[in-house]
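Beneath this line is the structure, given in C-alpha cells, with notes to follow.
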Amino acid sequence: MFSGLSAFPLTPVNATGIDEKSFLSLLARLTTAKVDSLGVLGSTGSYAYFTREQRQRVATLAVQHADGIPVMVSIGATSTDEVLRLAEDAQHADVSALLLPAVSYQKLTEEEVFGFYAEVARNVSLPICVYDNPGTTHTDFSNPLYARIAALSNIASIKIPGVPDEIASAKQRVNTLRAHLPDHIRIGVSGDAAAGNGLMAGCDVWFSVCGGLFPNTALLFTQAAQAGDFATLAAQSRRLEPLWALFRQHGGSIRVMSAAAAILGLADENNLPRPLRALSSEEQREVRQVIETLELS
C-alpha cells in the first residue's frame, strides 16, 4: 500500500452529481498502467465538497473497479464524529487504508491534533496514513508530534507536504523525520514538483496528482527511484517543469488536472464541484499545449 506510486485521481462531477462514468474511466487508466495504489477522495478528489453518501458511493466504486490494486480513501472532515462515520463507511466498502487529514476551522493545538488521531486510531481496524497538508487543513505538525502519532496503533504512513528544492536539504529533512519514527512507518512525498527530490531523499511512496491522470509518466519516477537511477529521476522532474509551472500558476494542481481530463475527453469541461470553476479558454489552451509538448496523453 505505501510504496511506489500512489495515484490520486479527480472525482469528476456533472450537472446531476458524481460523474460515475468519467470516474471509472480515470480509474481504468490507472489500473491499466498498474499503479501501486489508488488514493481516492484526496484533495484532488475533492473530498471536502461531497456528502457522506457520495463519498461512500465513490469508495465502493473504487474498490469494485480497482482490479486488485489497494485503495486508500480520505476520511477527512472538521468533526471527529463525522470522521468516525466516514471511517465506518470506508471500512464497509472494503478499502485497504484510510487517509486522515486533521481538518480544522479553528486552529488546533498539538494536544488536540494528537487526541484526534488517537481517537480515530482506537476506533478503526485499517492502516492510517497521516495527511499533513497545512495549506488546506490549517494544521501544523512538528517532528515530536509526528513521533507521538506514529506510536499509535494502526498508523502506517505519513504523507508530507514536499521537501526542500536543494537535494542535500531534502535528504536532511527526510532523515531527520525518519529518526523520529518507528521503523514500520512509511514516508510519502506529495506536492508533485517535489516528488523527484523526495524520492531521491529516501521517501517510500509518491502520493501523486500527476499519477492520477498520467500514470505511465509518473511510474517512470518511482521505477527510477526503486532502481536507484537518480539521474533519470532528476531528468524526468526537469522535463515536467512546464506542468509544475502550471500548478504554481493556478494555485495548485486541481484546476489544471480538471482541464487536462476534459481536454483528453475523460470528463466534462465543468467537472469540479462548485464553487470551483474550470480554467478559462485561454488557460485551457496553455494546458493543452503542455500536454502535447510533453506527450502526456
I'd like to check Pro101 versus Asn133 (side-chain heavy atoms, cut-off strictly below 4.5 Å). Are they in contact?
no

Enter the distance from Ser237:OG to Leu220:CG here, rounded to the nearest 0.5 Å.
12.5 Å

Say you draw a straight line from CG of Leu10 to CG of Asn271; how long is it, rounded to the nearest 0.5 Å?
6.0 Å

Gap between atom CD of Gln54 and atom CD1 of Ile18 - 0.5 Å precision
4.5 Å

Can you confirm whether more than 12 heavy atoms, excluding those of Gln226, are under 6.0 Å from its CD atom?
yes

With clusters defined by side-chain heavy atoms of hydrophobic residues (ILVMFWY) lying less than 4.5 Å apart, directly or transitively, does Val130 cluster with Phe207?
no

Within this structure, what is the CG-CE distance for the pair Leu38 and Met1, rounded to the nearest 0.5 Å?
7.5 Å

Asn143 vs Tyr146, side-chain contact (heavy atoms from CB on, under 4.5 Å): CA-CA, chis, key distance, verdict
CA-CA 5 Å; Asn143 286 335; Tyr146 278 138; 3.7 Å; yes

Considering only heavy atoms from C-beta outward, does the side chain of Phe8 approach that of Ser6 to under 4.5 Å?
yes

Under a single-linkage definition using a 4.5 Å side-chain heavy-atom cutoff for Ile, Leu, Val, Met, Phe, Trp and Tyr, are Trp244 and Leu219 assigned to the same hydrophobic cluster?
yes

Look at the side chain of Thr176 and the backbone N and O of Gln172, then say whether any donor-acceptor pair between them is shorter than 3.5 Å.
yes

Heavy atoms only: give me the nearest Gln284-Leu279 pair and the separation to one decimal.
NE2-O, 2.7 Å

Please check if the number of heavy atoms outside Glu295 that lie under 6.0 Å from its CD is greater than 12.
no

Between Glu88 and Arg85, does at least one N-O distance fall below 4.0 Å, as a salt bridge requires?
no

Between the side chains of Glu110 and Ser142, is a donor N or O closer than 3.5 angstrom to an acceptor N or O?
yes

Could you tell me whether the side chain of Gln91 and the main chain of Ser125 form a donor-acceptor pair under 3.5 Å?
yes

Tyr131: which of Ser157, Ser43, Ser190 passes side-chain hydrogen bond (donor to acceptor under 3.5 Å, both in side chains):
Ser43

Sidechain N-carboxylate O distance under 4.0 Å for Lys107, Glu112
no

Donor-acceptor pair, distance only, cut-off 3.5 Å: does the side chain of Asp204 make one with the backbone of Ile187?
yes

Just how far is it from atom CG of Leu84 to atom CZ of Arg122, taken to the nearest 0.5 Å?
9.5 Å

Same apolar cluster (I L V M F W Y, side chains within < 4.5 Å links), Leu296/Leu5
yes

Is it true that Val205 and Val35 fall in one hydrophobic cluster, defined by side-chain heavy atoms closer than 4.5 Å?
no

Return the minimal non-hydrogen interatomic distance between Leu98 and Ala87, and the atom names on each side.
CD1-CB, 4.3 Å

Heavy-atom side-chain proximity of Asp229 to Leu233 below 4.5 angstrom:
no

Here the pair of heavy atoms bringing Val40 nearest to Ala62 is CG2-CB, 3.7 Å

Can you check whether Thr293 reaches Pro242 side chain to side chain, under 4.5 Å on heavy atoms?
no

Answer yes if Phe2 and Val124 sit in the same cluster of Ile, Leu, Val, Met, Phe, Trp and Tyr residues linked by side chain heavy atoms under 4.5 Å apart, and no otherwise.
no

Any chance you could measure Thr60, atom OG1, to Asp94, atom CG, to the nearest 0.5 Å?
9.5 Å

Specify whether Phe221 and Trp206 have parallel, tilted or perpendicular ring planes, treating 30° as the upper limit for parallel and 60° as the lower limit for perpendicular.
tilted

Side chains of Val256 and Val209 in contact at under 4.5 Å (non-hydrogen atoms):
no

What I'd like to find out is whether the side chain of Asn154 reaches to under 4.5 Å of the side chain of Leu126, using heavy atoms alone.
no

Should we say atom CD of Glu241 is surrounded by more than 12 heavy atoms from elsewhere, each under 6.0 Å from it?
yes

Do the side chains of Asp89 and Arg55 get close enough for a salt bridge, i.e. N-O under 4.0 angstrom?
no

Minimum heavy-atom separation for Cys203 to Val174, with atom names?
SG-CG2, 3.9 Å

Got more than 12 heavy atoms from elsewhere within 6.0 Å of CZ, Arg288?
no

Side chains of Val13 and Tyr49, heavy atoms from C-beta outward: is any pair under 4.5 Å?
no

